[in-house]
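A quick write-up on the structure given underneath.
Naming: A, B, ... by sequence-line order, numbering from 1 per chain.
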There are 2 protein chains.
Amino acid sequence: MTDIDPSQMAERRRGSGVKLVYDLLRDEILDLKLAPGSAIDEVQLASRFGMSRTPIREALVRLASDGLIETLPNRSTMVSNIDFLNMPAYFDALVLMYRVTTRLAAQHHKTEDLETIRQLQVAFSAAVESQDALAMIATNAAFHSAIAAAGRNSYYGAFFERLLNDGRRMLRLYYQSYEDRLPARFVEEHEEIIAAITARDVAAADRLGKVHGEQIVEQIGRLLTRHEDIDIDL
Amino acid sequence: MTDIDPSQMAERRRGSGVKLVYDLLRDEILDLKLAPGSAIDEVQLASRFGMSRTPIREALVRLASDGLIETLPNRSTMVSNIDFLNMPAYFDALVLMYRVTTRLAAQHHKTEDLETIRQLQVAFSAAVESQDALAMIATNAAFHSAIAAAGRNSYYGAFFERLLNDGRRMLRLYYQSYEDRLPARFVEEHEEIIAAITARDVAAADRLGKVHGEQIVEQIGRLLTRHEDIDIDL
DNA sequence: TGTATTTTTTTTGTCGACAAGAAATTCGAA
DNA sequence: TTCGAATTTCTTGTCGACAAAAAAAATACA
């Protein structure tokens with residue numbers, strides 16, 4: 001890890017330190033630039049960011065309560081491992097949140113929400129076009145985040161956000177399993193979802209959210225030995 | 001706020017400071033001993049707990065990422081207000097989580113889970129018997145937490161836990177709306193839930209979880225002007 | 001008396017230092 | 001040499017102090 005640009009660390013607004021460190025480390029962890037299980041050294045980070053250990057530690061505390069790092073008392077801090085054993089549970093929750101957020105968006109969206117959603121769909125489509133797996137992951141998450149926001153339920157929103165973040169790390173590991181035809185299918189499904197939300201068709205939104213979620217689970221989950229029965233008619 | 005017992009602050013194991021402060025402040029906030037909106041003074045807390053500001057601050061960072069306190073940059077920290085406008089969304093999420101966790105418990109529980117659940121039901125029943133509203137809230141939450149744990153989905157578990165915590169503050173404000181007959185009904189419903197889980201009757205567990213959740217929503221939510229249509233057949 | 005500007009006070013964010021714990025290393029005895 | 005105890009090294013948790021930022025108070029001026 002190289003030091004940051006000295007011109008950046010020169011003068012910072014007081015109080016911006018922890019956020020800077022938090023945001024950057026968070027991205028590095030989610031993008032797997034920091035490998036799961038790798039150690040985190042406070043003093044090294046302090047010198048890297050040109051600040052004392054105090055703000056670094058506060059950023060680490062936040063990351064820890066996000067579950068992105070793990071702290072052994074009096075001993076090392078490390079990047080959390082991806083819990084593959086819990087992947088069935090993860091997918092179960094993810095599919096349900098796809099359904100619920102899409103459904104609520106159909107109920108509660110405002111017209112300005114649709115513009116945001118459509119813009120993000122364009123970005124996702126472009127990422128698929130250019131076969132940029134990382135951009136696909138990011139724009140897909142942004143697309144569904146926007147749908148969740150349109151659903152106007154901050155509790156689901158926060159939970160879904162967290163699931164999508166956890167997913168970023170797993171998807172980065174498995175994105176090689178994407179073949180060309182499947183992302184194209186995702187684009188189509190996104191379009192259908194947008195149509196259902198626009199039409200305020202709650203039933204269709206629910207169904208499409210479920211199908212879309214299961215699509216992803218099937219794509220990722222075939223690498224697992226077994227996964228939950230997600231065909232519950234909840 | 002009075003200082004803590006000096007014998008407690010005498011010698012503490014290194015590293016236990018933040019957890020001590022975090023746990024205590026968390027309970028005080030959730031039990032409304034610290035009123036929503038009230039200011040939090042770092043130096044006062046430091047002298048109260050007999051430690052420096054550094055561990056206090058780390059505890060506050062954790063509370064902030066739990067959403068229990070809010071920090072204005074460079075300025076005051078205060079206990080988060082209860083967001084009554086979002087109560088419909090809250091109840092929507094709560095009911096769904098009641099359903100999902102109960103359903104999953106019916107699917108995945110092990111026999112030792114049932115013992116824990118039954119013990120907590122006994123405690124809840126005792127709290128209802130003695131008309132102790134605070135104990136009712138706590139033991140009810142513990143009961144459903146145990147059910148969620150038996151469902152073996154840590155994602156739902158963490159989310160549900162958070163919802164129950166938020167609920168603790170609202171319930172404390174509204175517990176006067178409980179009349180004698182309703183807690184008794186809750187006890188009965190709990191028994192039915194236990195029976196459904198034991199029998200691994202997923203459909204019944206789902207239905208009972210939904211009914212139970214809506215029961216609570218109706219009890220609390222009648223104080224609201226309007227609330228979500230929770231009768232969705234998801 | 002009311003308002004704008006300066007000064008004081010209060011509180012936060014950050015720092016460097018130090019001590020406690022745990023791991024790594026060295027040392028000693030069989 | 002090998003195992004176990006003592007020692008050193010290294011990292012973390014905590015402290016007291018200081019500086020920046022904002023609010024509160026005081027002052028000046030119309």
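- Nearest to the side-chain atoms of A:Asp41 among the listed nucleotides D:dA22, C:dA22, D:dT12 stands D:dT12.
- We find that CZ of A:Arg13 is positioned 13 Å from C1' of D:dA20, with the value rounded to whole Å.
- Under the 6.0 Å cut-off for aromatic ring centres, A:Phe160 and A:Tyr98 qualify, their centroids lying closer than that.
- Rounded to an integer number of Å, the gap from A:Phe49 CZ to C:dC15 C1' is 18 Å.
- For the pair A:Leu20 CG and C:dT14 C1', the computed distance is 15 Å after rounding to whole Å.
- Using a cutoff of 4.0 Å between basic side-chain nitrogens and carboxylate oxygens, B:Asp113 and B:Arg152 are scored as salt-bridged.
- Heavy-atom distances to DNA chain C give each of B:Asn74 and A:Arg75 a nearest nucleotide, and the one nearer the 5′ end belongs to B:Asn74.
- Looking at which nucleotide of DNA chain C each of A:Pro73 and B:Thr77 is closest to, the 5′-most match is held by B:Thr77.
- For B:Gln44 and C:dT11, the CD to C1' distance is 13 Å, given to the nearest whole Å.
- Side-chain proximity of A:Met51 to the nucleotides C:dC15, D:dT14, D:dT12 is greatest for C:dC15.
- Within 4.0 Å (heavy atoms only), B:Leu60 reaches no atom of the nucleic acid at all.
- Taking atom CG of A:Leu45 as the reference point, atom C1' of D:dT12 lies 14 Å away to the nearest angstrom.
- Listed pair A:Ser52 / C:dT14 fails the phosphate criterion, with no side-chain N or O lying under 4.0 Å from OP1 or OP2.
- Remark: the B:Glu161 side chain and the B:Ser145 side chain contain an N/O donor-acceptor pair separated by less than 3.5 Å.
- Side chain of A:Val18, nearest nucleotide from D:dC15, C:dA22, C:dT14: C:dT14.
- Salt-bridge annotation for B:Glu28 and B:Arg169: absent, with no side-chain N of the basic residue lying under 4.0 Å from a carboxylate O of the acidic one.
- Protein atom CD of B:Glu42 is 14 Å distant from nucleotide atom P of D:dC15, rounded to whole Å.
- At whole-Å resolution of the value, CD in B:Glu58 and P in C:dT12 are 16 Å apart.
- Each of A:Thr54 and A:Arg14 was matched to the nucleotide of DNA chain D holding its nearest heavy atom; the match closer to the 5' end belongs to A:Thr54.
- Put simply, CG on A:Leu72 is 13 Å from C1' on C:dA23, counting in whole angstrom units.
- For B:Thr102 (side chain) and B:Gly209 (main-chain N/O), no donor-acceptor pair under 3.5 Å exists by modelled atom type.
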